[in-house]
Asker: 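Take this structure, written in structure tokens, and hold onto it; I'll ask about it next.
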Amino acid sequence: MSTAEQQPEGTTSSTTGTASDALLGPADIRELAAVLGVRPTKQKGQNFVIDANTVRRIVRTAEVRPDDVVVEVGPGLGSLTLALLEAADRVTAVEIDDVLAAALPATIEARMPERRDRFALVHSDAMLVEELPGPAPTALVANLPYNVAVPVLLTMLDRFPTIERTLVMVQAEVADRLAAKPGNKVYGVPSVKANWYADVKRAGSIGRNVFWPAPNVDSGLVSLVRRAEPIRTSATKAEVFAVVDAAFAQRRKTLRAALAGWAGSAAGAEQALVAAGVSPQARGESLTVEEFAAIAEHKPAAERPAP
């Protein structure tokens with residue numbers, strides 16, 4: 001489709017108005033969706049942000065700088081994309097939906113043409129993306145689909161180590177889990193794995209009325225600042241994550257029992273735990289990521305794969 005076809009009637013390009021005119025409002029979103037024949041689906045976790053103040057708040061909270069190269073996952077119709085382009089040096093959007101991916105460059109051209117050369121689109125599933133065009137990303141800012149938020153976040157942090165700062169909007173319950181600390185009842189696999197890469201904290205709440213369609217749950221912002229130094233351990237990430245997965249697969253059990261399969265036996269699990277300085281009677285929800293790494297280092301030798 002041409003630019004003219006993509007720009008809803010009545011919207012204003014940034015070449016003729018203020019920067020505020022470039023952002024999408026509720027009427028713009030609905031009109032653009034109608035032009036494209038887009039109907040948000042639960043299957044794809046699509047809930048489009050329709051409030052310009054909210055996307056600006058996200059950009060502010062993310063502390064996007066003029067020299068940042070931002071990667072955005074799931075840009076949808078471009079609400080957050082346009083706000084990011086106002087603040088960052090470059091924005092690369094990763095979109096899996098065929099129609100949305102085809103339309104987004106035209107929306108950028110129509111509403112913010114002076115920034116079009118600072119925008120790149122990757123039409124792909126974010127879980128499959130292993131490289132991005134242009135300079136290496138320094139920040140990840142995204143409204144992540146609820147159904148794939150955690151795996152997408154962890155995959156992006158793992159594959160793109162140059163990402164220093166991340167701000168994601170996710171379901172409130174997921175936000176709580178990601179930011180939970182040891183001892184918290186919702187502390188679990190997402191909490192530990194996110195903390196492997198970064199210092200994680202809750203960065204705010206988002207109501208339902210800024211989305212179209214409005215979801216049945218509230219959303220939360222999560223800030224992740226990559227660790228200045230990686231976790232010090234001789235175990236690999238895969239080895240540490242294997243302990244984490246085993247510990248929380250049976251989270252009500254003591255670690256001696258929960259890690260029996262991982263270690264080959266309950267006795268082997270106890271041996272590894274004692275060597276790591278962790279009580280065999282402890283449960284996974286009380287351990288830090290460093291303690292999980294220490295346990296991984298002491299897996300019974302017969303069970304550890306050869307280098």
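Throughout, residue positions are numbered sequentially from 1 according to the sequence presented. All figures in this text were calculated on a predicted structure; none of them were measured in a lab.
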Asker: Taking all atoms of both residues into account, what is the closest heavy-atom pair of Ala194 and Leu178, and its distance?
Answerer: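 What the structure gives for the nearest pair is CB-CD2, 4.0 Å.
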
Asker: Is it true that Val170 and Val225 fall in one hydrophobic cluster, defined by side-chain heavy atoms closer than 4.5 Å?
Answerer: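 Result: no, two separate clusters.
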
Asker: Can you confirm whether Arg118 sits close enough to Asp89 that some side-chain heavy atom of one is under 4.5 Å from a side-chain heavy atom of the other?
Answerer: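 In short, these two side chains touch, coming nearer than 4.5 Å.
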
Asker: Output the distance between atom CG (Asn147) and atom CD (Gln171), rounded to the nearest 0.5 Å.
Answerer: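 Asn147 atom CG to Gln171 atom CD measures 10.0 Å (nearest 0.5 Å).
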
Asker: Work out which heavy atom in Pro137 is nearest to a heavy atom in Val71; give both atom names and the distance.
Answerer: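 Reported closest heavy-atom pair: CB-CG1, 4.2 Å.
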
Asker: If you define the side chain from C-beta out and look only at heavy atoms, does anything of Ile50 sit under 4.5 Å from Leu24?
Answerer: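 Answer no - side chains too far apart.
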
Asker: Distance-only, no hydrogens or angles: does the Gln271 side chain make a donor-acceptor pair with backbone N or O of Pro300 under 3.5 Å?
Answerer: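 Not a single qualifying donor-acceptor pair exists.
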
Asker: Atom CG of Asp245 and atom CG of Leu259: how far apart are they, to the nearest 0.5 Å?
Answerer: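 It is 11.0 Å, given to the nearest 0.5 Å.
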
Asker: Might you confirm whether atom NZ of Lys181 has over 12 heavy atoms from other residues, nucleotides or ligands at distances under 6.0 Å?
Answerer: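 Atom NZ in Lys181 is crowded, with more than 12 foreign heavy atoms closer than 6.0 Å.
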
Asker: So, does Ser279 use its side chain to make a donor-acceptor pair with the main chain of Gln281 at under 3.5 Å?
Answerer: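 Indeed, once roles are kept as given, a pair shorter than 3.5 Å links the two residues.
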
Asker: Work out which heavy atom in Arg202 is nearest to a heavy atom in Ala172; give both atom names and the distance.
Answerer: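 Minimum heavy-atom contact is NH2-O, 3.7 Å.
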
Asker: If hydrophobic clusters are built from ILVMFWY residues whose side chains come within less than 4.5 Å, do Val69 and Val168 share one?
Answerer: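 No: no chain of side-chain contacts under 4.5 Å links Val69 to Val168.
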
Asker: Ion pair present between Glu290 and Arg227, side-chain N to carboxylate O less than 4.0 angstrom?
Answerer: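 Salt bridge: yes.
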
Asker: Can you tell whether the side chains of Arg226 and Asp199 come within less than 4.0 Å, N to carboxylate O?
Answerer: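 No.
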
Asker: Going from OG1 on Thr54 to CG on Leu80, what distance comes out if it is rounded to the nearest 0.5 angstrom?
Answerer: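 CG of Leu80 is found 10.5 Å from OG1 of Thr54.
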
Asker: With sequence neighbours left out, write down each residue that passes ring-ring contact (aromatic ring centres under 6.0 Å, His included) with Trp212, or none if nothing qualifies.
Answerer: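 Not a single residue meets the ring-ring contact (aromatic ring centres under 6.0 Å, His included) criterion with Trp212.
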
Asker: Using the rule given for side chain to side chain contact (heavy atoms under 4.5 Å, CB included), can you reason through Tyr197 versus Ile163, listing the C-alpha separation, both sets of side-chain angles and the distance that settles it, and then say yes or no?
Answerer: CA-CA 10 Å; Tyr197 299 103; Ile163 294 175; over 6 Å; no

Asker: Indicate, with yes or no, if Val174 and Val186 share a hydrophobic cluster defined by side-chain heavy-atom contacts under 4.5 Å among Ile, Leu, Val, Met, Phe, Trp and Tyr.
Answerer: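 No.
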
Asker: Report yes if the side chains of Val73 and Met156 come closer than 4.5 Å at any heavy-atom pair, otherwise no.
Answerer: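 When only atoms from C-beta onward are counted, Met156 and Val73 do touch, with a gap below 4.5 Å.
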
Asker: Using a strict threshold of under 4.0 Å (side-chain N to carboxylate O), is an ion pair present between Arg56 and Glu86?
Answerer: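 Here Glu86 pairs with Arg56 in a salt bridge, since their nearest N and O are under 4.0 Å apart.
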
Asker: Within the distance-only criterion (no hydrogens, no angle test), does the side chain of Arg115 pair as donor or acceptor with the backbone N or O of Leu85 below 3.5 angstrom?
Answerer: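 It does hold such a pair.
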
Asker: For Ala62 and Val141, which heavy atoms make the closest approach, and how far apart are they?
Answerer: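 Closest heavy-atom pair between Ala62 and Val141: CB-CG2, 3.8 Å.
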
Asker: Would you name the heavy atoms of Arg283 and Lys253 that are closest together and state the gap between them?
Answerer: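 Nearest heavy atoms, Arg283 then Lys253: CG-O, 3.4 Å.
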
Asker: Short question: side chain of Glu297, backbone of Ser234 - any donor-acceptor pair under 3.5 Å?
Answerer: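 Yes, the answer is positive, given that a donor and an acceptor are paired below the 3.5 Å cut-off.
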
Asker: Applying side chain to side chain contact (heavy atoms under 4.5 Å, CB included) to Lys237 and Ile231, what does each step give before you reach the verdict?
Answerer: CA-CA 10 Å; Lys237 181 201 72 174; Ile231 300 290; over 6 Å; no

Asker: Kindly assign one of parallel, tilted or perpendicular to the pair Tyr187 and Phe248, based on the angle between their ring planes and the thresholds 30° and 60°.
Answerer: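 Perpendicular: the ring planes of Tyr187 and Phe248 meet at over 60°.
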
Asker: Any side-chain heavy atom of Phe160 within less than 4.5 Å of one from Val129?
Answerer: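 The answer is yes, as the side chains (C-beta and beyond) meet within the 4.5 Å cut-off.
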
Asker: Any Lys/Arg nitrogen of Glu109 or Arg116 sitting under 4.0 Å from an Asp/Glu carboxylate oxygen of the other?
Answerer: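 Salt bridge: yes.
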
Asker: Decide yes or no for Glu72 and Leu84: does some side-chain heavy atom of the first lie under 4.5 Å from some side-chain heavy atom of the second?
Answerer: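 Side-chain contact under 4.5 Å: yes.
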
Asker: Find the distance between OG (Ser79) and CD1 (Ile29) and round it off to the nearest 0.5 Å.
Answerer: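 Nearest 0.5 Å value for the OG-CD1 distance: 3.0 Å.
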
Asker: Would you compute the distance between atom OG1 of Thr155 and atom CD of Glu130 and round it to the nearest 0.5 angstrom?
Answerer: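 Nearest 0.5 Å value for the OG1-CD distance: 10.0 Å.
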
Asker: Determine, for Arg165 against Glu63, whether the closest basic-nitrogen to carboxylate-oxygen distance falls under 4.0 angstrom.
Answerer: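 No, Arg165 and Glu63 are not salt-bridged.
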
Asker: Mind listing the closest non-hydrogen atom pair of Ser265 and Gly268 along with its distance?
Answerer: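 Scanning both residues, the minimum pair turns out to be OG-N, 2.9 Å.
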
Asker: Could you walk me through whether Leu287 and Val278 pass side chain to side chain contact (heavy atoms under 4.5 Å, CB included), step by step?
Answerer: CA-CA 9 Å; Leu287 269 59; Val278 176; 4.0 Å; yes

Asker: When clusters are formed by joining ILVMFWY residues with side-chain heavy atoms under 4.5 Å apart, either directly or through shared neighbours, do Val210 and Met169 land in the same one?
Answerer: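 Yes, because Val210 and Met169 connect within a single hydrophobic cluster, where side-chain heavy atoms sit under 4.5 Å apart.
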
Asker: Could you tell me if the side chain of Val70 sits less than 4.5 Å from the side chain of Arg90, heavy atoms only?
Answerer: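 Result no, sub-4.5 Å side-chain heavy-atom pair not found.
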
Asker: What I want to find out is whether Asp51 reaches Arg57 closely enough, with some N-O distance under 4.0 Å, to be called a salt bridge.
Answerer: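 Arg57 and Asp51: not salt-bridged.
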
Asker: Do Phe292 and Trp196 come close enough that some side-chain heavy atom pair is under 4.5 Å?
Answerer: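 When only atoms from C-beta onward are counted, Trp196 and Phe292 do not touch, as no gap falls below 4.5 Å.
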
Asker: We want to know whether His123 and Asp98 form a side-chain donor-acceptor pair, criterion being a heavy-atom distance below 3.5 angstrom.
Answerer: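 Note: His123 and Asp98 side chains meet the donor-acceptor criterion.
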
Asker: Could you give me the CA-CA distance, side-chain angles and deciding distance for Val222 and Leu167, then say whether side chain to side chain contact (heavy atoms under 4.5 Å, CB included) is met?
Answerer: CA-CA 6 Å; Val222 181; Leu167 187 81; 6.0 Å; no

Asker: Can a donor-acceptor pair be found, under 3.5 Å and without considering hydrogens, that links the side chain of Arg65 to the backbone of Asp67?
Answerer: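 No; judged by distance alone, with no hydrogens or angles, the pair does not exist.
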
Asker: Can you name the one residue among Leu121, Thr81, Val122 that meets side-chain contact (heavy atoms from CB on, under 4.5 Å) with Thr92?
Answerer: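 Only one of Leu121, Thr81, Val122 forms a side-chain contact (heavy atoms from CB on, under 4.5 Å) with Thr92, namely Val122.
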
Asker: Using modelled atom types only, decide if a donor and an acceptor are shared between the side chain of Asp28 and the backbone of Gly25 within a distance under 3.5 Å.
Answerer: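 A pair under 3.5 Å: yes.
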
Asker: Using a 6.0 Å cut-off, check whether atom CZ of Arg177 has over 12 heavy atoms from anything other than its own residue.
Answerer: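 For Arg177, atom CZ is not crowded (no more than 12 foreign heavy atoms under 6.0 Å).
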
Asker: Using the rule given for salt bridge (charged side-chain N to carboxylate O under 4.0 Å, His left out), can you reason through Glu239 versus Lys299, listing the C-alpha separation, both sets of side-chain angles and the distance that settles it, and then say yes or no?
Answerer: CA-CA 9 Å; Glu239 290 171 338; Lys299 185 173 185 179; over 6 Å; no

Asker: Are Val189 and Ile295 connected into the same hydrophobic cluster when the rule is that any two of I, L, V, M, F, W, Y join if their side-chain heavy atoms are below 4.5 Å apart?
Answerer: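 Result: yes, single cluster for both.
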
Asker: Is the closest side-chain heavy-atom distance between Leu224 and Leu153 below 4.5 Å?
Answerer: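 Sidechains of Leu153 and Leu224: in contact.
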
Asker: How many angstroms lie between atom CG of Asn209 and atom CZ of Phe211, to the nearest 0.5 angstrom?
Answerer: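 Spacing of CG (Asn209) from CZ (Phe211) equals 9.5 Å.
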
Asker: Indicate yes or no for a side-chain donor-acceptor contact from Thr138 to the backbone of Asp68 under 3.5 Å, with no hydrogens or angles considered.
Answerer: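 Such a contact is absent between Thr138 side chain and Asp68 backbone.
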
